[in-house]
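Down below is the structure, laid out as structure tokens.
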Amino acid sequence: MASQVHSTMKRIMPQLIILIAVLFLNFLVFPDFFRIEFQNGRLFGNLIDVLNRGAPTALLCIGMTLVIATKGIDLSVGAVMAIAGATAASIVVDGHSWQTALLGALAVGALCGFWNGFLVAYLRIQPIVATLVLMVAGRGIAQLITEGTILTFLNPGLIHLGAGTMVGVPTPIVIWVLLGLIVTAVVRKTALGMLIEAIGINESSSRLAGINSRVLIVCVYLISGFCAALAGVIVAADIKGADANNAGLWLELDAILAVVIGGNSLLGGRFSILASLLGALIIQSVNSVILLSGLPPEFNLVIKALLIIAILVIQSPTVKHALYILRASAEPTPPAPAPVQEVKEGTQ
Amino acid sequence: MKLKAMLIASAMAFVPVTAMAADLTIGFSQIGSESGWRAAETTVTKQEAEKRGIDLKFADAQQKQENQIKAIRSFIAQGVDAILLAPVVATGWDEVLEEAKDTEIPVILLDRTVDAPDDLYMTAVTSDLVHEGEVAGQWLVDETAGEKCDIVELQGTTGSSPAIDRKKGFEQAISGHDNLEIVRSQTGDFTRSQGKVVMESFLKALGGDNICALYAHNDDMAVGAIQAIKEAGLKPGEDIKIVSIDSVPDIHLAMAKGEANATIELTPNMAGPALDALEAYLADGTMPPKWIQTESKLYTLEDDNQAVYEEKKDLGY
């Protein structure tokens, strides 16, 4: 058990250090950053905002990590968010309960995921192309559902999912933390995680070894669609309306970036959901720096690009190796006097 | 020879009569359904045509210029009396507009202009984005009446012309009034969710008590910001005054509840002035000016916002 914790810590250490560094940057531009108050029955503070606003990306990257571990990619998640949000909104507008709306949206999301998985696993279409279909068509589907307008609703139950709180904690935080824990437990306490990694490393040999890779691939896309649907419902609930044009726009790229910052290889294989979630928080913290800095919006993307490049460069294997060589070659010289003295003392 | 003269004479006699009887056929090439406002513009254009008894041929270009050019060519082939065009981009219209000019079919541009010699179209009906910003700024100048007021601004998509012009107009209106100052300005991408997120950061960075007014470049961002203000435990419309642009139904609903203070209308009725100009031209040849500016109407809490909401909600916003 202790060794397991130790290896996990070792795995997520780079992400943790980067996250702390970016949070410190937040503190530099806004000294009250870490202050958390209890206001109007909810936790209130910038740190809470990072966790809350990071929820959609965090949810997406849970599914995306599994998909990428099988050597796939899911470009459709942003559009699936729009579809799920539109579905949930139209169900409550028709007068049904929020539970029905949530179930309906999740079912639609899972169906979208199943479609992607079917194209990839059974029709053998390259994942990037297979999911591009829904990425492009999905927003059209969402607009058909909302009839081209921002579909607003007042159902308190549904709004609670995005803007409400559970024992003072904003609901979206509770949802992504819980889902992250459940999925991690399921893939790590069973052999599922290892089987998914096996498919990512070499699908043919994993199939020869008796893994039903097709079913598993369909499953990971289905989970990705499910996560996207949950994110879509949260985003719609947050603004009390389904905005088919803008909900989740370009968020698939943030989710992929979160997985990459989490140190997972796009070539599949070993994965860590925890590290991806830290990646999502890093991205949101970068967004937070930009908003709190008060710089003109023309700088937004430049700042984001610079920070992301810095993060990726630090993680690059070549740079890591260079740092290692540097440290190794530097080691004997500076600390050299100390041991020598010790030895002297020892001999005297 | 005699027959030809007679034909010309009868044609001369009949053309104005048919125009008077409003037995017109007009082609309308719309961009597509890119936003709620555009949907409303389509609805209003159809209503205006119906009101005047005009036969409107509608073509949806699905955001593609090639579809618009095809639509215009087919209108020319059908021999319509005039063409309304909402151009999706500014360039590349010269050739097809020449064709329309050669067949003497007047073309009227709606809500956007083109980079083409201005003799190729009759007139352009657009709003003035800078003026909209000015009206918003002037409202705040009058509302604060010299009292100190720190303003936060939610900009549109960075680099887009509405964001640039609405910012410029607002700044022109408040310059020279030392009590007014924009203390924070950030983009909300014209969307509700970004409007809410950015307003949250404004409230935390400055403290809700230090913000006196919010200027949003469109109503959707203001609607998102209203939710952020409420969640921070403040009263939108009272603790923080809110002025935005577009006049979409949902902002009127918020104004009816006293949660927003003012909005400036970007009217979806571009066809009304365009058809007025066209009818005047067909009746007695009055050439309209090259640019017809639509009214930027200011709505405040003194208007019956519930009624405006009811009136607008079915236009397709």
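Not measured: the values here are computed from a predicted model. Letters A, B, ... are given to chains in the order of the sequence lines, protein chains preceding strands, and every chain is numbered from 1.
Contact of D49(A) with chain B is made through the side chain alone, with heavy-atom distances under 4.5 Å. Within the 4.5 angstrom heavy-atom criterion, atoms from both the backbone and the side chain of T149(A) approach chain B. Neither the backbone nor the side chain of L249(A) comes within less than 4.5 Å of any heavy atom in chain B. Contacts between Q39(A) and chain B at a heavy-atom distance below 4.5 Å involve the side chain alone, from C-beta outward. For chain B, the nearby part of S293(A) is the backbone; its heavy atoms alone come within less than 4.5 Å. In this structure, chain B has a heavy atom under 4.5 Å from the side chain of R42(A), while its backbone stays farther away. In this structure, chain B has heavy atoms under 4.5 Å from both the backbone and the side chain of D238(A). Only the side chain of N300(A) comes within contact range of chain B, with at least one heavy atom under 4.5 Å from a heavy atom of that chain.
In this structure a side-chain-to-backbone donor-acceptor pair under 3.5 Å is present from R139(A) to A244(A).
To the nearest 0.5 Å, atom NZ of residue K297(B) and atom OG1 of residue T267(B) are 10.0 Å apart.
The minimum heavy-atom distance linking S185(B) with E153(B) is given by the pair OG-OE1, 2.7 Å. The shortest non-hydrogen separation linking I242(B) to E259(B) is CD1-O, 3.5 Å.
One finds no salt bridge joining E171(B) and K168(B) here, because no Lys/Arg side-chain nitrogen approaches an Asp/Glu carboxylate oxygen to under 4.0 Å.
Your options are E231(B), Q194(B), Q155(B), and the one with the most heavy-atom pairs under 4.5 Å with chain A is E231(B).
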